[in-house]
Amino acid sequence: QVQFLESGGGSAETGGSLMLTCAVTGFTDSTEMAWFRQVPGKEREGVAGFHPRSGRRDYADSVKGRFTISLGSARNTLNLQMNNLKSEDTAMYYCAAYYKTGIFAFSWYEPGQWKYWGQGTQVTVSS
(Lines give C-alpha, C1' and ligand atoms only; values in the text may rest on other atoms or scores of the structure.)
Protein backbone atom coordinates (compact mmCIF):
# COMPACT_ATOMS: atom_id res chain seq x y z
CA GLN A 1 0.00 0.00 0.00
CA VAL A 2 1.34 3.41 -0.97
CA GLN A 3 1.54 5.93 1.83
CA PHE A 4 3.08 9.38 2.15
CA LEU A 5 3.99 11.41 5.18
CA GLU A 6 5.12 14.95 4.44
CA SER A 7 6.48 17.27 7.09
CA GLY A 8 8.59 20.36 7.58
CA GLY A 9 6.31 22.98 6.16
CA GLY A 10 5.56 26.18 8.02
CA SER A 11 6.42 29.84 8.04
CA ALA A 12 9.74 31.51 7.35
CA GLU A 13 11.02 34.97 6.71
CA THR A 14 12.47 36.11 3.43
CA GLY A 15 16.01 34.82 3.22
CA GLY A 16 15.34 32.06 5.71
CA SER A 17 15.39 28.29 5.35
CA LEU A 18 13.08 25.32 5.70
CA MET A 19 13.51 21.63 5.04
CA LEU A 20 10.65 19.48 3.82
CA THR A 21 10.67 15.72 4.32
CA CYS A 22 8.61 13.10 2.54
CA ALA A 23 8.52 9.59 3.97
CA VAL A 24 6.99 7.02 1.67
CA THR A 25 6.11 3.36 1.98
CA GLY A 26 5.22 0.90 -0.73
CA PHE A 27 8.08 1.78 -3.08
CA THR A 28 11.55 0.48 -3.83
CA ASP A 29 14.80 2.37 -3.50
CA SER A 30 14.78 2.92 -7.28
CA THR A 31 11.43 4.73 -7.39
CA GLU A 32 11.68 8.21 -8.84
CA MET A 33 10.45 11.02 -6.61
CA ALA A 34 9.89 14.74 -6.89
CA TRP A 35 8.61 17.84 -5.18
CA PHE A 36 5.93 20.05 -6.73
CA ARG A 37 4.19 23.17 -5.50
CA GLN A 38 0.94 24.92 -6.18
CA VAL A 39 -0.70 28.20 -5.30
CA PRO A 40 -4.44 28.76 -5.58
CA GLY A 41 -5.53 29.52 -9.10
CA LYS A 42 -2.31 28.31 -10.69
CA GLU A 43 -1.13 25.01 -12.11
CA ARG A 44 1.00 22.69 -10.06
CA GLU A 45 4.66 23.16 -10.97
CA GLY A 46 7.68 20.94 -10.65
CA VAL A 47 10.26 22.16 -8.13
CA ALA A 48 12.83 19.34 -8.04
CA GLY A 49 13.05 15.75 -9.24
CA PHE A 50 15.26 12.84 -8.28
CA HIS A 51 16.09 9.77 -10.38
CA PRO A 52 17.74 7.25 -8.00
CA ARG A 53 19.14 4.83 -10.56
CA SER A 54 21.16 7.55 -12.29
CA GLY A 55 21.54 9.89 -9.33
CA ARG A 56 20.16 12.67 -11.49
CA ARG A 57 18.68 15.71 -9.79
CA ASP A 58 16.71 18.31 -11.73
CA TYR A 59 15.46 21.70 -10.59
CA ALA A 60 13.12 24.39 -11.78
CA ASP A 61 15.03 27.48 -12.87
CA SER A 62 13.29 29.51 -10.16
CA VAL A 63 14.89 27.43 -7.37
CA LYS A 64 18.30 26.50 -8.78
CA GLY A 65 21.07 27.38 -6.38
CA ARG A 66 18.62 27.75 -3.49
CA PHE A 67 16.88 24.37 -3.14
CA THR A 68 18.47 20.94 -2.83
CA ILE A 69 16.69 17.61 -3.23
CA SER A 70 18.25 14.63 -1.48
CA LEU A 71 17.57 11.28 0.09
CA GLY A 72 16.97 11.35 3.80
CA SER A 73 18.90 9.33 6.36
CA ALA A 74 15.94 7.01 6.82
CA ARG A 75 15.02 4.63 4.05
CA ASN A 76 12.56 5.91 1.45
CA THR A 77 12.60 9.49 2.60
CA LEU A 78 13.12 12.47 0.36
CA ASN A 79 14.19 15.88 1.58
CA LEU A 80 13.93 19.33 0.05
CA GLN A 81 16.28 21.82 1.66
CA MET A 82 15.06 25.32 0.85
CA ASN A 83 17.46 28.22 1.46
CA ASN A 84 17.25 31.93 0.74
CA LEU A 85 13.48 31.71 0.63
CA LYS A 86 11.51 34.29 -1.31
CA SER A 87 7.89 35.37 -1.02
CA GLU A 88 7.18 33.69 -4.35
CA ASP A 89 8.11 30.35 -2.80
CA THR A 90 4.89 30.51 -0.79
CA ALA A 91 2.78 27.54 -1.88
CA MET A 92 1.47 24.13 -0.96
CA TYR A 93 4.29 21.66 -1.56
CA TYR A 94 3.57 18.11 -2.69
CA CYS A 95 5.71 15.02 -2.78
CA ALA A 96 5.27 12.80 -5.85
CA ALA A 97 6.47 9.29 -6.61
CA TYR A 98 6.63 6.84 -9.50
CA TYR A 99 7.44 8.53 -12.79
CA LYS A 100 5.22 7.02 -15.46
CA THR A 101 7.01 7.07 -18.80
CA GLY A 102 9.41 8.86 -21.11
CA ILE A 103 12.80 10.41 -20.53
CA PHE A 104 12.97 11.69 -16.97
CA ALA A 105 15.09 14.72 -17.79
CA PHE A 106 12.58 15.94 -20.37
CA SER A 107 9.35 15.62 -18.43
CA TRP A 108 9.96 15.26 -14.69
CA TYR A 109 8.33 18.67 -14.08
CA GLU A 110 4.98 17.67 -15.60
CA PRO A 111 2.41 16.72 -12.94
CA GLY A 112 0.74 14.24 -15.29
CA GLN A 113 3.88 12.12 -15.37
CA TRP A 114 3.57 11.16 -11.71
CA LYS A 115 1.33 8.44 -10.41
CA TYR A 116 1.26 8.96 -6.64
CA TRP A 117 0.93 12.12 -4.58
CA GLY A 118 1.24 13.15 -0.97
CA GLN A 119 -1.30 15.31 0.82
CA GLY A 120 0.83 18.45 0.73
CA THR A 121 2.48 20.71 3.28
CA GLN A 122 2.10 24.50 3.33
CA VAL A 123 5.09 26.82 3.08
CA THR A 124 4.58 30.52 3.75
CA VAL A 125 7.36 33.06 3.29
CA SER A 126 6.90 36.60 4.49
CA SER A 127 9.11 39.65 4.83
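Remark: Gln3 CD to Leu5 CG distance equals 9.0 Å, nearest 0.5 Å. The CE atom of Met19 sits 9.5 Å away from atom CG of Leu80, with the distance rounded to the nearest 0.5 Å. Atom CZ in Phe4 sits 10.5 Å away from atom CG in Asn76 (nearest 0.5 Å). The CZ atom of Phe36 sits 10.5 Å away from atom CD of Gln38, with the distance rounded to the nearest 0.5 Å. To the nearest 0.5 Å, the span separating CZ on Phe50 from CG on Leu71 amounts to 4.0 Å. With rounding to the nearest 0.5 angstrom, the CD atom of Gln81 is 9.0 Å from the OG1 atom of Thr21.
Listed by first and then second residue, the disulfide (SG to SG under 2.5 Å) pairs involving residues 15-92 are Cys22-Cys95 (not counting sequence neighbours). A ring-ring contact (aromatic ring centres under 6.0 Å, His included) check over residues 82-103, counting only residues at least two apart or in different chains, returns the pairs Tyr99-Phe104, Tyr99-Trp114. Within the structure, disulfide (SG to SG under 2.5 Å) contacts touching residues 38-85 (residues at least two apart or in different chains) do not occur.
For Lys42, the side chain to side chain donor-acceptor pair (under 3.5 Å) test picks out no residue, with sequence neighbours left out. Judged as a salt bridge (Lys or Arg N to Asp or Glu O under 4.0 Å), and not counting sequence neighbours, the contacts of Asp89 are Arg37, Arg66. Take Ser73 and apply the side chain to side chain donor-acceptor pair (under 3.5 Å) test, not counting sequence neighbours, and it matches no residue.
A donor-acceptor contact closer than 3.5 angstrom links the side chains of Thr28 and Ser30.
Here the side chain of Gln113 pairs no donor or acceptor atom with the backbone of Trp108 at under 3.5 angstrom. A donor-acceptor contact shorter than 3.5 Å is absent between the side chain of Glu6 and the backbone of Leu20. Under a 3.5 Å cut-off, the side chain of Lys100 and the backbone N or O of Gly112 do form a donor-acceptor pair. Proximity of a side-chain donor or acceptor of Arg57 to a complementary backbone N or O of Ile69 within less than 3.5 Å is detected.
Linking ILVMFWY residues whenever their side-chain heavy atoms come closer than 4.5 Å, directly or via other members, places Val47 and Leu18 in the same cluster. Criterion: ILVMFWY side-chain heavy atoms under 4.5 Å apart, direct or through other members. Under it, Val2 and Trp117 are not part of a common hydrophobic cluster. By the rule that hydrophobic residues join a cluster once side-chain heavy atoms approach within less than 4.5 Å of another member, Val125 and Met92 end up as members of separate clusters. Side-chain heavy atoms closer than 4.5 Å link hydrophobic residues (I, L, V, M, F, W, Y) into clusters, and following such links, even through other members, never connects Tyr59 to Tyr109.
Considering all non-hydrogen atoms of both residues, Thr31 and Pro52 come closest at O-CG, 3.3 Å. The two atoms that bring Gly46 and Ala60 nearest to each other are O-CB, 3.4 Å, heavy atoms only. Among all heavy-atom pairs drawn from Val39 and Ala91, the shortest one is CG1-CB, 3.6 Å.
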Using the rule given for side-chain contact (heavy atoms from CB on, under 4.5 Å), can you reason through Leu85 versus Glu13, listing the C-alpha separation, both sets of side-chain angles and the distance that settles it, and then say yes or no?
CA-CA 7 Å; Leu85 285 163; Glu13 293 185 348; over 6 Å; no
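For CD of Glu43, the number of neighbouring non-hydrogen atoms (other residues, nucleotides, ligands) closer than 6.0 Å is 12 at most.
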